[in-house]
Amino acid sequence: MKIGGESFGQENGKGVSLTSYLEIAKQIAEIKKKNDIDLSVVIGGGNIFRGREVGEEHFDKVTADYMGMLSTIINGLGLEEALESLDVPAKLMSSIEMDKVCESFSKKRAVDYLNQGKVVVFAGGTGNPYFTTDTLAALRACEIDCDLILKATNVDGVYDKDPKKYSDAKLYENLTFEEALEKKLNVMDLTAFALCSDNQKPIIVFNIENIKDISKALKGEKFGTLVN
Ligand code: UDP
């Protein structure tokens, strides 16, 4: 599951809300209790800093992206701590080495932790500037061979136009990768999207407000937009 940083922010989606880590951890605990699945979470950092939004010429883009990647680790620590406070075993793994803070990512260890029933939280982006945490979600999904990517957003799925601007925007229930590409629908950024499409990783885009109903998606029932 990919959860953007805004879900961990204050009411305006910025800064850090400790309560939101706990709220999302509670939902994850419920999902684990109700469904027999292995679950890993890829965390964004947009509530703290988004290097990809820095357009100022005098600020180095690579530095800005590292600031963004470090933001995701702050969120990762918050979610790991919140999960463990609810007795949900969790393990934060970063793409950027920082031994005193958390473990570095290794595919083998991540799979071992998942097999032990832990929720693995992936942070630190891909460890490279010029990418996004959507790309991390796609990359980890391929590496650890996930069956499904669940992308949380603040709208109900993929629309033909921005539902926040147009009241007649149409929500798609199902799309093929080809349709999404042809219609230039913004499911994920193009690098992430290409990885999912090339490796046949289905994506469900859903509203974070409906996270409690995620069992529907896992049972194949109508939920958000399925891209496959
Ligand atoms: N980032 C990066 N490389 C990555 C992933 C993220 O450089 O592989 C940086 C980038 O600056 C991005 C920020 O980290 O803006 C936070 O990630 P993202 O914008 O994807 O977070 P979200 O919008 O999902 O909260």
Side-chain angles (χ1 to χ4, degrees), residues 1-18 20-21 23-25 27-28 40-80 82 92-98 101-102 104-107 110 120-144 146 149-155 157-158 162 164 186-196 199 201 203-209 211 224:
M1 185 183 305
K2 154 76 203 286
I3 305 180
E6 280 178 17
S7 301
F8 303 108
Q10 307 280 336
E11 268 160 34
N12 63 358
K14 294 286 168 199
V16 163
S17 153
L18 296 181
S20 70
Y21 294 124
E23 287 309 313
I24 289 181
Q27 297 297 339
I28 291 174
S40 55
V41 183
V42 169
I43 295 281
N47 53 321
I48 302 167
F49 194 83
R50 249 189 213 120
R52 65 184 157 98
E53 282 176 354
V54 173
E56 286 151 63
E57 281 164 26
H58 61 269
F59 201 92
D60 181 57
K61 163 80 182 145
V62 174
T63 305
D65 277 346
Y66 276 110
M67 290 165 73
M69 285 186 268
L70 292 175
S71 306
T72 71
I73 293 171
I74 295 176
N75 286 333
L77 281 168
L79 186 62
E80 182 192 45
L92 172 63
M93 300 190 101
S94 166
S95 311
I96 300 172
E97 280 179 34
M98 44 173 77
V101 178
C102 60
S104 298
F105 171 72
S106 119
K107 177 224 156 125
V120 180
V121 180
F122 294 121
T126 61
N128 301 292
Y130 293 96
F131 290 98
T132 66
T133 49
D134 274 3
T135 307
L136 177 67
L139 183 63
R140 292 288 180 261
C142 295
E143 285 174 299
I144 64 173
C146 290
I149 299 174
L150 293 154
K151 179 179 157 146
T153 63
N154 54 14
V155 290
V158 182
D162 186 350
K164 302 223 155 151
N186 203 9
V187 179
M188 279 184 160
D189 68 77
L190 280 179
T191 315
F193 190 80
L195 262 174
C196 295
N199 295 284
K201 293 289 170 203
I203 311 162
I204 288 182
V205 180
F206 73 101
N207 195 329
I208 189 89
E209 284 176 10
I211 189 171

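Computed from heavy atoms alone, side chains included, the values below leave out hydrogens, waters and symmetry copies. Please read these numbers as outputs of a predicted model, since none were measured by experiment. As the structure lists them, so they are numbered: ligands from 1, and atoms in each ligand from 1.
- Without hydrogens or angle criteria, Q27 side chain to I211 main chain gives no donor-acceptor distance under 3.5 Å.
- Here the closest heavy-atom approach between residue M98 and residue S94 is recorded as CG-OG, 4.4 Å.
- At least one N/O-N/O distance between F131 and ligand 1 falls below 3.5 Å.
- For atom 21 (O) of ligand 1, the closest heavy atom belonging to the protein is G45 N, 3.2 Å.
- Nearest protein heavy-atom neighbour of atom 19 (O) of ligand 1: R52 NE, 2.7 Å.
- The atoms of ligand 1 that sit less than 4.0 Å from any heavy atom of P129 are 7 (O).
- Those atoms of ligand 1 with a heavy atom of G4 less than 4.0 angstrom away are 24 (O), 25 (O).
- On a distance-only criterion, G51 and ligand 1 share at least one N/O pair closer than 3.5 Å.
- No N or O atom of D134 sits closer than 3.5 Å to an N or O atom of ligand 1.
- Of all protein heavy atoms, the one lying nearest to atom 13 (C) of ligand 1 is G68 CA, 3.5 Å.
- Atoms of ligand 1 found under 4.0 Å from any heavy atom of G5, numbered from 1 in the order shown, are 22 (P), 25 (O).
- The two residues I43 and G76 make their nearest non-hydrogen contact at CG2-N, 4.0 Å.
- Side chain to side chain, N75 and N47 meet the donor-acceptor criterion of an N or O pair below 3.5 Å.
- Scanning all protein heavy atoms for the shortest distance to atom 9 (C) of ligand 1 gives D65 O, 3.4 Å.
- Ligand-side atoms of ligand 1 in range of G44: 21 (O), 22 (P), 24 (O), 25 (O), range being under 4.0 angstrom from any heavy atom.
- Taking 4.0 Å as the cut-off between side-chain N and carboxylate O, D65 and R52 do not count as a salt-bridged pair.
- Between the side chains of R50 and T132, not a single donor N or O lies within less than 3.5 Å of an accepting N or O.
- Between M67 and ligand 1 there is no heavy-atom distance shorter than 4.0 Å.
- In terms of heavy-atom proximity, A64 sits nearest to F49 at O-CE2, 3.3 Å.
- Nearest heavy atoms, A110 versus V120: O-CG2, 3.9 Å.
- Neither the backbone nor the side chain of E53 has a heavy atom within less than 4.0 Å of ligand 1.
- Checking only distances, T133 does come within under 3.5 Å of ligand 1, N or O to N or O.
- A parallel orientation is assigned to the rings of F8 and Y21, their planes being inclined by less than 30° (bins at 30° and 60°).
- For the atom pair C146 SG and M1 CE, the distance stands at 11.0 Å (nearest 0.5 Å).
- Not one N or O of Y66 is nearer than 3.5 Å to an N or O of ligand 1, by distance alone.
- Per-residue contacts place K2 under 4.0 angstrom from the following atoms of ligand 1 (heavy atoms of the residue considered): 24 (O).
- Residue G125 has at least one heavy-atom neighbour below 4.0 Å for each of these atoms of ligand 1: 4 (C), 5 (C), 8 (O).
- Nearest heavy atoms, V42 versus T133: CG1-O, 3.5 Å.
- An N or O contact shorter than 3.5 Å is missing between G127 and ligand 1 by distance.
- In terms of heavy-atom proximity, Y66 sits nearest to G127 at OH-O, 3.7 Å.
- For atom 5 (C) of ligand 1, the closest heavy atom belonging to the protein is T132 C, 3.3 Å.
- Applying the 4.0 Å criterion to heavy atoms of G46 picks out, from ligand 1, the atoms 21 (O), 22 (P), 25 (O).
- Residue contacts with ligand 1 for N128 involve N, CA, C or O but no side-chain atom from C-beta outward (heavy atoms, distance under 4.0 Å).
- At least one N or O atom of T126, backbone or side chain, sits closer than 3.5 Å to an N or O atom of ligand 1.
- Under the 3.5 Å distance criterion, the side-chain polar atoms of K151 are left unmatched by any main-chain donor or acceptor of A137.
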